[in-house]
Amino acid sequence: MSLSPPAPSGAPVSGLPSPFSAPQAHPASRLYIPPAPHYEYTPLFIKFHAVYKPETHKQTNFNLMQTSLGQRVRTRFAPSPTGYLHVGGLRTALYNYLYARKAGGDFIVRIEDTDQARKVEGADKDLLKTLELSGIVPDESIEHGGNFGPYVQSQRLDIYKQYCQQLLEQNHAYYCFATAEELEENRQLQQKQGMQPKYNRKWLPQHMGGDMPQGEIQKKLDEGAPYVIRMKVPDYISIMFEDIVRGPVEFDSATVDDQVLMKSDGFPTYHFASVIDDHLMEITHIIRGEEWLSSMPKHLLLYEFFGWEPPKFAHLPLLLNPDRSKLSKRQGDVAVEDFLNKGYSSEAILNFVALLGWNEGEGTEQEIYSLDQLIEKFSLERVGKAGAVFNIDKLNWIEKQYIKDRPTEKIISVIKPLLQEELGKKETEMDTERIQSDEYLAQVIELMRERVNFESEFVTFCDYFYFDPEEYDPAAVKKRWKQDTNEVLAEFITVLEDTDDFSADNLEAVLKAFVEPREKKPAFLIHPLRILNSGVGFGPSLYHMLEVLGKQTVIRRLKKGLERNVSK
RNA sequence: GGCCCCAUCGUCUAGCGGUCCAGGACAUCGCCCUUUCACGGCGAAGGUCGCGGGUUCGAAUCCCGCUGGGGUCACCA
């Protein structure tokens, strides 16, 4: 199988030193021949713009937030409707949102549905819904309207066609009739040779420096053969730009493939559509994941072709799995919906995700931020460069912090429906009206606030406030039951029956007064009382728990427990 | 493999040439509070600042190289 090395290249066909037009040594395929060592390298050909100079970097945010035209700041989140909202996507959306809000600008959500095959019906609306549930509300979107619509790319096809035509006319783009098989074959051949897979420019027309005669192209066009349109990436120029989080980044155009702009189904590719839309929608700052960094040269080139001023770019570090690979579904939940369904609150999720890659810096010890505080304090210069592992423990802790401070009424409104659902599942011997009252729930909440991980646990984890226990934790029973426990307990029940004041203070006094002459410690009764009333060996202050449950319930549960003879 | 990005306790991070033999948070462990659990308080353990060279009177901080990790190389986004 050997492919001869490239023949010593003769003089360039045209004035352009294009290696692509070098004579081919082997007929098997028209491979991309690596450039001769003496190619002409033109650094800084593209005049891209330094957004800020190192000196101004340290200055106020305000400078950074001004675009060079002093326009209104507009950011965008551009998901493709292929499924759920990813936590990484949520963070990207959040940073865009925070940045726009802080600058008093607009935050736009645009649906990038140029891949008809991967499109999932309804995913666009779901994405938006989850975003809003998380607390991020766009100013413009398919649902919110705006003056820059439509906000779905599939409804902007005419626009892309028009701009593509322009590129064709300006010789920045060309038709390509290569088949998928052909491309694949070429790719594999190149890979086998250890080369970067790249389109071989077979269909690059002669007048653009290639060697396909215009007649051939016209013939195919007349036949109605399927085609794509590719951009012609200039040879050997240096493309550089200043990334807000990463600083200067430079690419050599020789490593950039002739990107497909329009697919054979008439849809644009992401690269083409997003550049046009970002420009038309007057997006001033593109804040997106680092996975887009390597397509910067393509995008920048397009701005250059059109003569548009590019927006500022900020490429965010990736969110990582515990093994430090890009956060993926395989290693746990990644859908925002899943977290919401598990009971995490939107505030906690947002708070957590905001801190993954951003911090206020310099001596701050704050970990809990409201959305408003984030808006006030956020800045892109304080976004880190390194990827961050998604650490669920920290999220759990943040969630708890929020539960501690959440107003009782707010919690009640959430748990009431949950409670009703539980009550529908099984019978309770308690007064259903009472246990559903706000007053009762408020008491439960105060007792359990610091012991619960999620709001939903005010019902599930605290079920003994609504149902008599059916089982008693054997380990707890074993630990707390002594020889004469049942006996003493039986006696104490009769005391309780004569007690009308079931306030925590009084119960404590009663129990102490009962226990003292019998030469027992309070704990002798406290633990069994807890177990018979809750089924478990842990929980809130016993006296307060009994107070909330009420005399009737407590006595019923104690008698039941004695009958069941739990220690046996 | 080519190109690009990144690199401070297990994890998230502070640190932008001296005040750092590196500070905080989560997780872990211990003590205190306490009838239990949780909360809270106090404390411990945990980093040769990936490695090697420079620059400098002085480097986690600047430069170069290496190593490691990640991303990307589609008519997917």
Side-chain angles (χ1 to χ4, degrees), chain A residues 34 57-58 78-82 112-115 117-118 176 178-180 183-184 187 190-191 193-199 226-230 243 245-246 249-252 254-257 259-271 273-274 289-297 315 317-318 320 322-326 352 355-367 384-398 400 404 448-453 476 479-480 508 511 521-527 529-531 534 536-543:
Chain A
H57 187 172
K58 289 183 192 170
S80 68
T82 52
E112 311 235 328
D113 61 344
T114 54
D115 186 344
R118 290 208 310 156
C176 170
T179 63
L183 293 171
E184 184 52 37
R187 226 190 323 271
Q190 289 168 336
Q191 241 151 13
Q193 292 195 318
M195 291 195 289
Q196 178 196 7
K198 227 174 142 183
Y199 175 56
Y227 62 83
V228 301
I229 295 170
R230 289 178 183 274
D243 189 277
V245 340
R246 275 150 224 287
V249 182
E250 185 174 356
F251 298 87
D252 182 342
T255 66
V256 182
D257 204 356
Q259 178 63 44
V260 170
L261 264 19
M262 292 297 268
K263 302 183 266 189
S264 55
D265 63 359
F267 277 74
T269 56
Y270 163 84
H271 303 283
S274 74
E290 193 192 334
E291 67 265 33
W292 295 109
L293 193 54
S294 30
S295 29
M296 276 307 285
H315 288 92
L318 260 20
L320 271 25
D323 70 358
R324 304 204 76 87
S325 59
K326 189 167 150 184
F352 172 60
L355 259 18
L356 251 27
W358 172 85
N359 74 85
E360 221 188 304
E362 192 76 77
T364 351
E365 289 180 13
Q366 189 172 348
E367 304 276 345
K385 300 183 221 259
V389 173
F390 189 93
N391 177 211
I392 198 86
D393 282 334
K394 185 82 170 248
L395 209 209
N396 290 337
W397 176 78
I398 291 176
K400 276 196 149 190
K404 267 203 293 189
M448 297 305 290
R449 198 184 266 285
E450 271 155 8
R451 290 165 235 265
V452 116
N453 297 300
K479 185 171 176 192
R480 304 300 186 184
E508 180 167 2
L511 185 136
K521 296 206 159 182
F524 180 86
L525 271 186
I526 284 175
H527 296 292
L529 285 170
R530 171 190 302 289
I531 293 166
S534 72
V536 292
F538 56 89
S541 148
L542 176 82
Y543 304 116

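Here is how names work: the chains are called A, B, and so on, in the same order as the sequence lines, proteins then strands, and each is numbered from 1.
- Comparing B:C26, B:A7, B:C12 by their closest approach to the side chain of A:Ala386 singles out B:A7.
- Using P as the reference atom, B:C42 and B:U11 are 26 Å apart when rounded to the nearest Å.
- Atom CZ of A:Phe352 and atom C1' of B:U13 are 12 Å apart (whole Å).
- Rounded to whole Å, the distance from NZ on A:Lys385 to P on B:C16 is 15 Å.
- With hydrogens and angles ignored, a donor-acceptor pair closer than 3.5 Å exists between the side chain of A:Ser264 and the base of B:C75.
- Rounded to whole Å, the separation between the P atoms of B:U55 and B:C63 comes to 15 Å.
- You'll find that the side chain of A:Leu293 is closest to B:C4, out of B:C4, B:U35, B:C3.
- Rounded to whole Å, the C1' atom of B:G46 lies 14 Å from the corresponding atom of B:G23.
- Protein atom CD of A:Glu365 is 5 Å distant from nucleotide atom C1' of B:G24, rounded to whole Å.
- Remark: A:Lys326 is not in phosphate contact with B:C5, judged by side-chain N or O atoms under 4.0 Å from OP1 or OP2.
- B:U61 and B:A7 are spaced 14 Å apart, taking the C1' atom of each and rounding to whole Å.
- For the pair A:Tyr270/A:Asp115, no side-chain contact is recorded, criterion being any heavy-atom separation below 4.5 Å from C-beta on.
- Taking atom CD of A:Glu291 as the reference point, atom P of B:G71 lies 10 Å away to the nearest angstrom.
- Closest contact between the side chain of A:Gln196 and the listed nucleotides B:G2, B:A77, B:C39 involves B:G2.
- Straight-line distance between the C1' atoms of B:G41 and B:U34: roughly 13 Å, to the nearest whole Å.
- Between A:Lys394 and B:U13 there is no side-chain polar atom (N or O) within less than 4.0 angstrom of OP1 or OP2.
- Here A:Arg451 does not reach the OP1 or OP2 of B:U36: none of its side-chain N or O atoms lies under 4.0 Å away.
- Residue A:Pro79 is out of contact with every strand shown, counting any heavy-atom pair closer than 4.0 Å.
- Each of B:A74, B:C39, B:C12 was ranked by its minimum atom distance to the side chain of A:Pro197; first place goes to B:A74.
- A:Leu542 comes within 4.0 angstrom of a base, heavy atoms only.
- B:G30 and B:C37: their P atoms are spaced 13 Å apart (whole Å).
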| Check against side chain to side chain contact (heavy atoms under 4.5 Å, CB included), A:Ile526 and A:Tyr543 | CA-CA 9 Å; A:Ile526 284 175; A:Tyr543 304 116; 3.5 Å; yes
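- The partner of B:U48, taking Watson-Crick or G-U wobble pairs whose two distances both stay under 3.5 Å, does not exist in any strand shown.
- Looking at the side chain of A:Trp397, the nearest of the listed nucleotides B:C75, B:G70, B:A27 is B:A27.
- Closest to the side chain of A:Arg187, from the set B:C12, B:C75, B:G40, is B:C75.
- Taking the P atoms as reference points, B:C20 lies 44 Å from B:G2, given to the whole Å.
- One can place CG of A:Asp393 at 16 Å from C1' of B:U13, the figure rounded to the nearest angstrom.
- Counting only heavy atoms from C-beta on, A:Phe251 has its side chain closest to B:C4 among B:U13, B:C4, B:U35.
- Using modelled atom types, one side-chain atom of A:Gln190 and one backbone atom of A:Lys198 make a donor-acceptor pair closer than 3.5 Å.
- Within the nucleic acid shown, A:Thr114 comes within 4.0 Å of sugar-phosphate atoms alone, with no base atom in reach, counting heavy atoms only.
- Across the protein-nucleic acid pair, A:Ile398 atom CD1 and B:C26 atom P stand 10 Å apart, rounded to whole Å.
- Across all strands shown, B:C39 has no partner, as no Watson-Crick or G-U wobble contact with both distances under 3.5 Å is found.
- Spacing of P atoms, B:U28 relative to B:U8, comes out at 23 Å, to the nearest Å.
- If you check every strand for non-hydrogen atoms under 4.0 Å, A:Val389 touches sugar and phosphate atoms only.
- Residue A:Phe267 contributes atom CZ, which lies 22 Å from atom P of B:A74 at whole-angstrom precision.
- Within 4.0 Å of A:Arg449, counting heavy atoms only, lies no atom of the nucleic acid at all.
- At the heavy-atom level, A:Ala273 lies nowhere under 4.0 Å from the strands shown.
- The phosphate of B:C12 has OP1 or OP2 within less than 4.0 Å of a side-chain N or O from A:Arg324.
- For B:U11, the paired nucleotide is B:A25, the pair qualifying as Watson-Crick or G-U wobble because both relevant distances are below 3.5 Å.
- At least one side-chain heavy atom of A:Glu367 sits less than 4.5 Å from a side-chain heavy atom of A:Trp397.
- Going from atom CG of A:Leu320 over to atom P of B:G10 covers 16 Å, rounded to whole Å.
- At a threshold of 4.0 angstrom between heavy atoms, the contacts of A:Gly357 are confined to the sugar-phosphate backbone, with no base atom among them.
- Considering only side-chain N and O atoms, A:Lys263 lies nowhere under 4.0 angstrom from the phosphate OP1 or OP2 of B:A74.
- Looking at A:Thr82, its side chain never comes within 3.5 Å of a backbone N or O of A:Arg118 through a donor-acceptor pair.
- Side chain of A:Glu290, nearest nucleotide from B:G70, B:C76, B:U35: B:G70.
- Closest to the side chain of A:Asn359, out of B:G1, B:A77, B:U13, is B:U13.
- Minimum atom distance to the side chain of A:Lys400 is reached by B:C39, of the listed B:C5, B:C39, B:C12.
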